[in-house]
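Whatever order the structure lists ligands and atoms in, that order sets their numbers, starting from 1.
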Amino acid sequence: MSESIEYPALYLKRGEDQRLRAGHLWVFSNEVDVARSPLTNFGPGDPCAIVDHRGKPIGVGYVNPNSLIAARLVSRGLEHALDRSLIVHRLNVALALRERLYAEPYYRLVHGESDGLPGLVLDRFGDVLVGQTGTAGMERLKDEITEAVVKVLKPRQLWWKNDGSIRALEQLTSYADLGFGEYGGETLAREGGLEFRIDPVGGQKTGWFYDQRENRDQLARLVAGRRVLDVFSYLGGWGLRAAAAGASEVVCVDASATAVEATLQNAARNGLADRITAVRADAFEHLKALREARERFDVVILDPPAFIKRRKDMKEGRLAYRRINELGMQVLERDGILVTCSCSHHLARAALLEAVQQGARHLDRQAQALVALQQGPDHPVHPAIPETDYLKGFICRVLPA
Ligand code: SAH
């Protein structure tokens with residue numbers, strides 16, 4: 001017989017259990033019956049039993065009284081405590097998927113809610129893991145997570161890259177440091193037969209964007225012998241993959257000097273230096289300069305940071321997508337390929353395509369969407385949580401009207 005966990009109860013108001021029962025994992029603060037279970041009775045990250053208004057338990061989760069998302073459900077029923085053994089189980093389930101998908105241990109191992117560990121991201125770079133906690137509940141479980149990772153993966157290092165902007169919503173501080181193992185050695189991402197040196201402390205996010213891997217795979221058949229522009233190139237993921245697939249020349253553009261320098265080193269490491277240049281510049285400004293200089297490319301890749309981080313950025317953000325796509329098309333050959341992406345979960349897929357369409361019409365060109373892009377399968381979408389479906393893109397052909 002399984003025993004029941006005894007965590008303090010977080011009572012929901014009448015009817016507010018429905019979304020959770022339908023599969024969602026979040027409890028918003030206005031859904032909590034604060035007369036029965038005041039949020040002030042909980043500390044940030046405290047475990048709880050989430051209970052409906054009739055007193056029927058839904059499952060085990062954790063609370064943050066300071067966050068709009070007041071609680072997240074981690075496990076249905078009351079059989080499992082929030083402990084190392086639960087995390088070990090979740091890691092093994094997550095690992096089984098990735099081992100089916102990939103021949104080598106380079107992937108996102110845990111994608112938060114979608115892998116049953118709300119607020120936790122773990123990227124794997126061979127024997128180095130880079131983790132991010134985005135909630136007080138996960139931050140509190142860091143020791144248990146570390147022990148579970150060590151047990152399941154026996155890594156050389158586990159880094160915590162805890163500097164994401166979402167942490168502020170949970171009143172968590174920013175830091176990046178080694179959580180397990182010894183300092184030293186390099187960290188490499190492997191993708192498409194190439195090696196990229198990444199920086200788990202100073203890089204973007206966890207250091208690498210595995211979410212675009214399968215999308216970059218799609219480039220191969222479109223770039224051989226072509227001139228390629230990789231805008232918002234970071235470490236040159238798209239650009240180097242294009243060069244490896246036979247592009248005649250690749251220009252990478254990024255605002256970060258460190259990223260540009262690392263791109264050139266990565267190009268040299270993979271024997272692609274002769275075909276890659278990397279420019280430190282603002283993307284909008286540089287595209288205008290290329291347009292004025294009448295430079296043209298066969299393929300233009302636009303993989304910007306999220307222009308819509310909060311819903312209130314919607315109007316300005318949509319305009320930015322429209323502008324960058326129009327600028328991208330202005331440096332495309334008459335029959336060119338535009339790869340356009342958005343990682344703003346607030347931007348609907350259709351709205352990105354609309355940005356392409358509006359830009360094309362404004363330039364009196366005609367776009368054809370050839371391939372729809374989304375995040376790779378090591379970043380599963382949780383069907384009940386639209387926010388987990390964040391990466392959208394299209395490969396388009398852009399012709400004269
Ligand atoms: N394409 C990359 C990921 C891009 S992340 C990949 O496939 O891995 C977004 C990148 O945009 C970051 O490297 C950041 O330095 C850069 N960036 C942000 N704002 C920029 C701007 N205005 N102009 C140029 N680059 C910018």
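At the shortest separation from atom 22 (N) of ligand 1 among protein heavy atoms lies Asp282 OD1, 2.7 Å. Nearest protein heavy-atom neighbour of atom 20 (C) of ligand 1: Phe232 CE2, 3.7 Å. For atom 23 (N) of ligand 1, the closest non-hydrogen atom on the protein side is Ala283 N, 2.8 Å. For atom 13 (O) of ligand 1, the closest non-hydrogen atom of the protein is Asp254 OD2, 2.7 Å. For atom 18 (C) of ligand 1, the closest non-hydrogen atom of the protein is Pro305 CG, 3.6 Å.
Considering both main-chain and side-chain atoms, Arg216 comes within under 3.5 Å of ligand 1 through a nitrogen or oxygen pair. The distance criterion of under 3.5 Å between nitrogen or oxygen atoms is met by Ala255 with respect to ligand 1. On a distance-only criterion, Trp208 and ligand 1 share no N/O pair closer than 3.5 Å. By the 3.5 Å distance cut-off applied to N or O atoms, Gln212 is not counted among the residues near ligand 1.
Contacts of His286 with ligand 1, taken as heavy-atom pairs under 4.0 Å, are absent altogether.
Residues Tyr210 and Phe125 place their aromatic rings such that the two centres sit under 6.0 Å apart. Residues Phe196 and Trp208 bring their aromatic ring centres within 6.0 Å.
Annotation for ligand 1: atoms under 4.0 Å from non-hydrogen atoms of Ala281 are 23 (N), 24 (C). Each of the following atoms of ligand 1 lies closer than 4.0 Å to a heavy atom of Ser256: 15 (O). Here is the list of ligand 1 atoms found below 4.0 Å of a heavy atom in Asp303: 1 (N), 2 (C), 3 (C), 4 (C), 6 (C), 7 (O).
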